[in-house]
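Each chain gets a letter, A, B and so on, in the order the sequences are listed, and its residues count up from 1. Below, each value reflects all heavy atoms present in this structure, side chains not excepted, and no hydrogens, waters or symmetry copies.
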Amino acid sequence: MLNRRDFLKLAGVGATGAAAGFALAEYSKNPAAKLIPYLVPPEDIIPGVANWYASACMQCGAGCGILVRVMEGRAKKIEGNPIHPVNKGGLCARGQAGLQALYNPDRIKTPLSRTGERGKGEFKEITWEEGISILSKNLLDLRGKGESDKLCLLTSPIRGHLDSMLEVFMKAYGSPNYLHYELFQYENLRFANKVVLGQYTLPHYDIANTNYLLSFGADFLTSWISPVNHSYGYGHMRQGRDGIRGKLVQIEPRLSLAGANADEWVPVRPGSEGLLALSIAYEIVAGGYYKGGDAQRWKDVLNRYSAKTTAPLTEVPEQKIHSLAREFAAAKPGLAIGGENVASYENGSANLVAINLLNYLTGNIEKTGGVILNPDWVKKSFNPISTLAQDAANGKIKTLILYNTNPVFTTPAAMKIEQSLNKVPFIVSLSSFNDETTILADLILPTHTYLEDWGDVFAEPAAGFQATAIIQPAVNPVFNTRGVGDIFLAAAKGIGGNMQKELPWDNFGVFLQDSWKKIYERYKGAGITEANFKDFWNNLLAKGGWWGKEARRSKSVQNLSPAEVSANLPSEPARFDGDDKEYPFYLTLYPHSVFKDGTGANLPWLQELPDQMTSVVWGTWVEMNPITAQGIGIKDGDMLKVESPYGRIHAPVYLYPGQRPDTISIPIGQGHRSYGRYADGRGANPIELIPYKTDAKTGAIPLNSTRVKVAKSDMSGRLVKLEGVTRELGRNIVQTISLEEFKNMKS
Amino acid sequence: MKKFLLFVIAGATAFTIGYNANLIYFSEDDRYPEQPINFSHKIHAGDNSIPCQYCHIYADKSSVSGVPSVQRCMGCHKLIKTDAPEIQKLKGYWDRQEPIPWVKVHRLADFVYFSHKRHLKANVPCQRCHGDVASMDRITRQAVFAGIPYLRVSNFKMGWCLDCHTNGAREFIGAPVKNGQDCWTCHK
């Protein structure tokens, strides 16, 4: 029988059991959910079925075509447009992360006007009407005082009709100061192309069909010009042709991803790449591979660069230079390219002239598998950012309008651009993010991202022929933002007079259509088959752009005069600041594989994407040769203080065998102060280390121009990387056998 | 030992009772929820024989069947029964240009990829999963058995899906569903 105690126990068990059962049933119930219907269903939306809009990627300047997957008005995924000739369906990590630019919680959500001290980031929210009227009133006042030329417009390089609209705006206003700036805008390459190819526009490098790719520091697979196009071309060069496997030789002090893919890596001394190229050129001419009538004159010009003379300067063996020259000249077609690493020396433009010369001497210009010229539409050389900084400091700029550019982050601290900008009485920033430059603005007008706006891209360098892509709004604006074109049209209306007459359009979409009408009329019947503009425009939006061999204008190869070219050739290795006793290492900086110049650092997908070569995530690292490190007692992951004569940064070291022992390399992209929650306070900005120098010919600021010293830092920090140890540790992963054993082996 | 067994049995029984008590007497909001408008499927689909897809217009085009837009309701009710109090409520939503916040009744786990379109293509009648909607005044996931509201129309569990994919499907397509047992058919 149950006694009282057991009865109570039983009652307890029963109550607990029942309560548990009740709770489980309650827990397994569906969360309350609502079904919210449309008031009026939109015609072009079927819930649950995706709409794909063809558009263009604006995450870098390559101009790839994209398809945006939109479900019920929300962009969900971006893919490459398979029919677009630039990327042929491919899309890089940066392009994929475009969604996170659209939905980024750190986007500027409404127009802002500065309330606190400049640079403190104190703003008050205003309406668009107020914002536009402040802007137009300022511009009216400036013009009223007869100082229209003191307006400056600084934008990222724009490759589309927006550019022509802004030109009209500035011209109608009466200011010549319309400038483009981006850290990697290839001014040096343009200069070299003007000298050797006769045009500023970047040509198409036909990697796909070449037999021999001689790459001087061009990381063409991750960051250089048009990486998706190059990657496709690289695959074709290696495996796309029956019986032909193109050879890749990578010449650079630090092994990049392209270098890791190469058949040969030539770790040249930093700064002497141009000399090496000229030395190869000399051997080509001396070896009788150059067939032109002026061979003797070329030989005279190149005489001072014989393999014997340059071998000690470049630290590449004489033998190697001979064999490179022989192989490159014999491979028809061969292609020599010079990347950002080579362009970023003090003599960068001269180096690139030397590399272009290799293509000229071997007759690989305007050849399949060589350099293919594009229609020349870049009219002017770029005004260097240093001019702007000077003008700002000297009070020559009264109003500065910034669009989508961040010079404060990407120029050396020694240039003091922040102080210069602080002398400008009125700064307006049109930007989606409150970056290091935008935070200095007095008025911030937030712009759409490319997924919300109208626009177009004339891809440079396209694909051997002109390739354009249309940007159409795939989604409605997420925040209270406006398209940059619309802002300028509204400002023109606000100023009135001739401005309104020159820019009469209601919105940028209409302007874009009108502009394309001109293209339609010009190419109708010659590449455009549609019977009327409406069909053409609809097809344009459906396909995502317009391209075709028809849009190619044939270009003839210009004849070079050896004497003229010789004036633009490097005569000595690039100089590096700092005494080589005190500062024992060359410093080379390179764009991070996905952040590039730092614009990608606010996208969490990219932050957590391991770097291809080192597998490091979330931070900045310093690459150093393991043997060098051993010599000075530094272990992998140690926090280092890297110091140049101009500044110092702290970052953990990554021991990297693909690094010359006398060189250390640091990726650019991290170390933001004001770029949103995902970017701020991560890593360090190595641009703080470099001096303020300019290329004599182009005014470009070289990144590889100082020596540094390193020491263990007392700051705390960790190297976060995906990979484990690169050594075998007796795990027998790679099985080896000695030559003797191999010879004695019985088959 | 015997006593311990007694406790286990008592606990288990109590657990079952507690669980079912919740389902039977405390689950009205979950399985038989009150809607913002007392809409009757019985009047529409039953008495007036309006086909399901007249209102659920996306069922044969999309993975979701679509909740009718307020405009669609008003398409008829601008003229029909405009003085009924429930229609007045509807008109209120329309006049305020507010969508009606219907309460969800049937729910499939979000890791299941289900498409109305495929099932309609295979001629599966709506009632097979949603129950005899034409007889329901208010949509419910429960049926009444011997006066006790207990058995569900369908439990939307994997076994129930597979049962139809293997056997039940003969009824509609004459054979088991092709790849019907494949994981990737429903779990993408």
Side-chain angles (χ1 to χ4, degrees), chain A residues 1-53 68-79 96 99 474-476, chain B residues 3-4 6-27 29-31 33 35-36 55 57-59 61-74 93-94 96-109 114-117 141 156:
Chain A
M1 270 313 286
L2 282 173
N3 57 27
R4 183 168 177 272
R5 244 195 143 123
D6 285 342
F7 174 77
L8 284 174
K9 269 188 198 164
L10 199 61
V13 169
T16 316
F22 193 90
L24 181 69
E26 196 64 31
Y27 177 73
S28 53
K29 275 178 191 170
N30 297 333
K34 293 272 156 73
L35 287 169
I36 309 293
Y38 280 113
L39 261 176
V40 180
E43 265 175 46
D44 52 348
I45 287 178
I46 298 176
V49 178
N51 288 335
W52 293 80
Y53 291 98
V68 188
R69 182 174 187 257
V70 179
M71 301 270 289
E72 290 174 67
R74 286 273 170 260
K76 296 268 179 117
K77 183 79 172 71
I78 305 175
E79 302 285 7
Q96 296 280 355
L99 288 176
V475 296
N476 284 331
Chain B
K3 231 184 238 169
F4 179 71
L6 180 74
F7 282 150
V8 171
I9 292 167
T13 318
F15 184 89
T16 320
I17 292 172
Y19 185 84
N20 285 299
N22 187 329
L23 287 193
I24 296 167
Y25 299 109
F26 296 92
S27 292
D29 283 350
D30 183 38
R31 296 191 287 162
Q35 301 287 356
C55 300
I57 53 171
Y58 304 121
K61 297 187 191 75
S62 169
S63 56
V64 297
S65 64
V67 188
S69 64
V70 186
Q71 189 192 35
R72 184 149 293 258
C73 303
M74 286 305 289
Y93 280 109
W94 179 247
R96 294 192 299 274
Q97 290 287 293
E98 245 176 48
I100 307 162
W102 300 107
V103 181
K104 201 168 180 177
V105 179
H106 294 288
R107 183 181 162 277
L108 208 56
F114 172 85
S115 169
H116 274 93
K117 182 179 164 183
R141 290 199 288 127
F156 291 105

Is it the side chain or the backbone of B/P68 that comes within 4.5 Å of chain A heavy atoms, both, or neither?
backbone
Which of B/V67, B/I57, B/V105 touches chain A most, by non-hydrogen pairs under 4.5 Å
B/V67
A/I46 to B/Y58 - nearest heavy-atom pair and separation
CG2-CD2, 3.6 Å
Side-chain heavy-atom pair B/F15, A/L24 within 4.5 angstrom cut-off:
yes
If you count the non-hydrogen atoms of other residues, nucleotides and ligands that lie under 6.0 Å from CZ in A/R5, is the total more than 12?
no
Who wins among A/L10, A/V40, A/L35, A/V13 for the most heavy-atom pairs under 4.5 Å with chain B?
A/L35
Residue pair A/L39 / B/W94, side-chain heavy-atom distance below 4.5 Å
yes
How about CZ on B/F114, more than 12 heavy atoms from neighbouring residues, nucleotides or ligands closer than 6.0 Å, or not?
yes
Give the interface residues of residues 70-79 of chain A toward chain B, defined by a heavy-atom separation under 4.5 Å.
none
What's the shortest heavy-atom distance between B/S62 and A/G48, and which atoms?
OG-CA, 3.4 Å
Could you have a look at B/S65, B/A12, B/G18 and say which one has the most heavy-atom pairs with chain A under 4.5 angstrom?
B/G18
When you compare the side chain of A/P37 with that of B/Y93, does any pair of heavy atoms fall below 4.5 Å?
no
Would the number of heavy atoms belonging to other residues, nucleotides or ligands and lying under 6.0 Å from CG of A/D44 be above 12?
yes
Mind checking whether A/I36 and B/P101 have side chains closer than 4.5 Å, heavy atoms only?
yes
What's the shortest heavy-atom distance between A/V49 and B/K61, and which atoms?
CG2-O, 3.4 Å
Output the option from B/R72, B/Q97, B/H116, B/M74 having the highest count of non-hydrogen pairs under 4.5 Å with chain A.
B/Q97
